[in-house]
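Accompanying notes for the structure given below.
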Amino acid sequence: MGARDGRAKDLMTIAPPRTTRRSSTTSRTSSRTGSADAARANRGGAGLKQDGGGRGGSGAVARVFGNPVPQPPQHGKPGGLLRHLNLGTALLLGSAMALGFGYLANRLTKSGATDATFAPLAPEYTYLAGLFGWALGFSIGIGAFDAPVRWLLGRELTHADAEYLAGKNLGWQRYFKYTTDHKVVGIQYLVAAMVTLGFGGLLAMLIRTELGVTWAEVFTPSIYNSIIGTHGIAMIIAMIVIVMGPVGNFIVPMMIGARDMAFPRLNALSLWLFVIAVVCLISSLFVGGVQDGWSVYQPLAAQSPPGMLGYQMTIIIFAISTGVASVNLIVTILLMRAKGMTWVRTPIFVYGVFGAAIMGLYAFPFYQYSQLLAMSDRILDTSFFVPLQGGSVWLYENLFWLLGHPEVYVILLPSTAIMLELMPVFYRKPLFSFNFAIAGIVGVVALSGLVWAHHMYMTGWAPSANYPFMLSTELISIPVGFLVLVAIGTMWRGTVWTRLPVMAIYALVFNKIIGGITGIYLSDVPVDQYMHGSMFVVAHFHYMLMGAGLFGAMGGIAYFFPKMTGRMLDERAGSIGLWTAFAGFQLTFGSMFVAGLQGQPRRVLQFDDLFNISNWLSTIGAFVIGLGMLIFMGAIISSWIAGKKAPANPWGSKSLEWQTPTPVPLENFRVLPVVTSRPYDYGVPDPYDAEMIANEKAREKQAAKVAV
């Protein structure tokens, strides 16, 4: 750590079983080997010892952290059917059931049947049935229904089963199975999110390729529109998951001193539902795509190709995944924090994840309902959004945007909280106004549900509500500003240790300031009337979602990479990738601001020569972003495979996750820690040392008096 505060003590640590030091800053130990831990471990804990063989009788007993726990009868080898299920069986069964369901639907659909727009129903029913078959088959094939079926059969999980579920002694194979260990789920989320992000980024390159060619068509209008819509929703769900999935799952339980998530099997379920949803979205490109933008307004979207059903299934399944994950994170944070970890002693990243989980839990169902009702209109001939039959298009827009804006903060809060989590470590000073940061997070969560209608200023819905929503939108900039001010205050007069995570902090703060300022403009009704639907709006929300969200995620991954993989990230290559992507980002979306001010509308295939230079620059910048992200991803992959082995705490951090060994044991903590102080008191003297210093000064003063 160099010369920066080399004397600082770990304020949140795991003490040895016997402690002689009197300092209140040293965390004590607690065995907590009572029945609660035994029950939790039996549900899904790992790294535990068991007496007896694999096939136990009704009198079998397992040793759980030293305590004897009675076991139900063991039927066969530990793991049961899950021994034979993995990603391969899930893909095979999912594909087979998709084909089977699709074939049956096609055979059962009456020949010549059409919907209200005279479109044939056979492709609709066939594709939708295939999507249901895929989701059901994949879930069965990966093992999502194993535990409910065992419960119905009266075959409770034994301790050995729980250890198998947690991936004990499975090596690399556990990453391709329905595994309950939160660390494995975190790695699985990281890979899935990176793949989804790469898919969305590839579509972005295709969009900019089209817009970089003047008065010529690289793609047909329908294909271009489907690329636009699919890119939008792919990037949204990837950015929602990129922090909450990998870092939230891997780090949060250790950060609060827990051995696992509250509901380990539901944790695995949320991951594999996300995978199912992404495949549904990708499949939509092969049946017409999403041609109405990522917001897919009704009733226009009802006239789109069958690919719209893939979008709707994506949202319905992804909302279930998000809801399950949010409940799991909320319960884990509320009930499983280490003894002594009061809310005042809880790390700021935990607050960010907690706030994002609350917003996701209440907001995503609105989005899910909108797509369920839209699918009903399309397939069952209902009329929720059909005005001629008594439906309301305003119902759709309100349901959609009730999620559409909280979703922005579901992305921003975890990334911003990561920034605030990193800064005390690399500036070696306490977080500037910890309470101010909490107030910012609470303010964002409280106001996020009161701003949705600013997306509807120009629709004609409730014009008298425009100005109240303008006020609420401007008000939410205040708690967001709190978080930026806390970051700047922490930087002030800090002795910075400049490493890759710090570089990501600089990029995040810069982008967030640009995105925040332009957002204040767009919140005003008169300005929005001019800017609405322009490239200026596109540039603004990319600065917030990608500029702040993605660069924050890059910093978080760089910071937690040693703990997650056991390897040190190649910071030279990572830094080149980060700054290359940052430079390309400024060129791409800075030029879009100019194009928007000139009047270029969004979602256009061809445009006037007036916008040529702006679009050429944006296209060049987009490919520079792609190059930077490839370099950064290459650094991750190469370091993961052959990087330098990481020590347990390479950053000298004081939070609990860095006090565990690397690689992290299956159970995280053999002895649960007890927290006695805040996590960010860098530079604050240890009370024991302060007492010694005070005594020494008193003796020196007394000696001086005697000498006189």
Side-chain angles (χ1 to χ4, degrees), residues 12-17 27-50 62-69 147 157-170 174 179-189 246-268 270-271 325 327-341 345-347 349-350 353-354 560 563-564 566 648 655-675 679:
M12 299 178 67
T13 61
I14 306 168
S27 301
R28 295 162 292 166
T29 61
S30 172
S31 62
R32 291 199 190 179
T33 55
S35 59
D37 264 357
R40 186 182 304 121
N42 199 39
R43 288 198 304 270
L48 315 175
K49 296 182 179 180
Q50 180 179 7
R63 304 292 299 183
V64 182
F65 294 105
N67 288 340
V69 179
L157 288 176
T158 65
H159 183 61
D161 289 327
E163 288 189 319
Y164 185 88
L165 271 171
K168 184 177 182 180
N169 299 326
L170 291 182
R174 66 188 187 274
T179 311
T180 57
D181 182 11
H182 72 97
K183 299 180 291 296
V184 175
V185 174
I187 296 296
Q188 291 171 326
Y189 256 121
V247 183
N249 277 278
F250 197 107
I251 297 299
V252 165
M254 292 191 295
M255 187 173 278
I256 64 174
R259 290 197 172 104
D260 208 327
M261 299 287 278
F263 307 109
R265 290 196 292 270
L266 291 182
N267 199 28
S270 68
L271 175 277
V327 169
N328 209 353
L329 284 166
I330 290 171
V331 174
T332 300
I333 293 170
L334 284 177
L335 302 182
M336 298 181 67
R337 299 194 310 280
K339 184 178 181 180
M341 184 175 280
R345 295 171 180 170
T346 301
F349 178 65
V350 177
V353 170
F354 187 73
F560 289 114
K563 186 59 64 176
M564 295 177 72
S655 50
L656 287 177
E657 74 276 13
W658 294 105
Q659 314 312 318
T660 60
T662 299
V664 185
L666 199 57
E667 71 279 10
N668 296 345
F669 304 96
R670 290 295 297 175
V671 177
L672 291 179
V674 174
V675 178

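We're numbering straight along the sequence, starting at 1.
The backbone N or O of Ala262 lies less than 3.5 Å from a partner atom in the side chain of Thr332, making a donor-acceptor pair. Lys339 places no side-chain N or O within donor-acceptor distance of the main-chain N or O of Val675, the cut-off being under 3.5 Å. Remark: side-chain polar atoms of Thr179 are not paired, donor with acceptor, to backbone N or O of Ala166 under 3.5 angstrom. Put simply, the side chain of Asp260 never gets that close to the backbone of Asp181: no donor and acceptor are under 3.5 Å apart.
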- Task: Tell me, with the steps shown, if Leu334 and Phe354 meet side chain to side chain contact (heavy atoms under 4.5 Å, CB included).
- Result: CA-CA 9 Å; Leu334 284 177; Phe354 187 73; 3.9 Å; yes
- Verify side chain to side chain contact (heavy atoms under 4.5 Å, CB included) between Val247 and Tyr189, making sure each step is shown before the conclusion. CA-CA 9 Å; Val247 183; Tyr189 256 121; over 6 Å; no
- Item | Criterion side chain to side chain contact (heavy atoms under 4.5 Å, CB included) on Val664 and Lys563, from CA distance to verdict | CA-CA 7 Å; Val664 185; Lys563 186 59 64 176; 3.4 Å; yes
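Across all their heavy atoms, Arg259 and Arg670 have their closest contact at NH2-O, 3.0 Å.
Ring orientation note: the planes of Phe560 and Trp658 are close to parallel, at an angle under 30° on the 30°/60° scale.
Residues Thr346 and Arg337 are in side-chain contact: their nearest non-hydrogen atoms beyond the backbone lie under 4.5 Å apart.
One side chain, Asn267 or Asn249, offers a donor N or O that lies under 3.5 Å from an acceptor on the other.
Each of Leu329, Ile333, Val327 was compared with Val331 under the side chain to side chain contact (heavy atoms under 4.5 Å, CB included) criterion, and only Val327 meets it.
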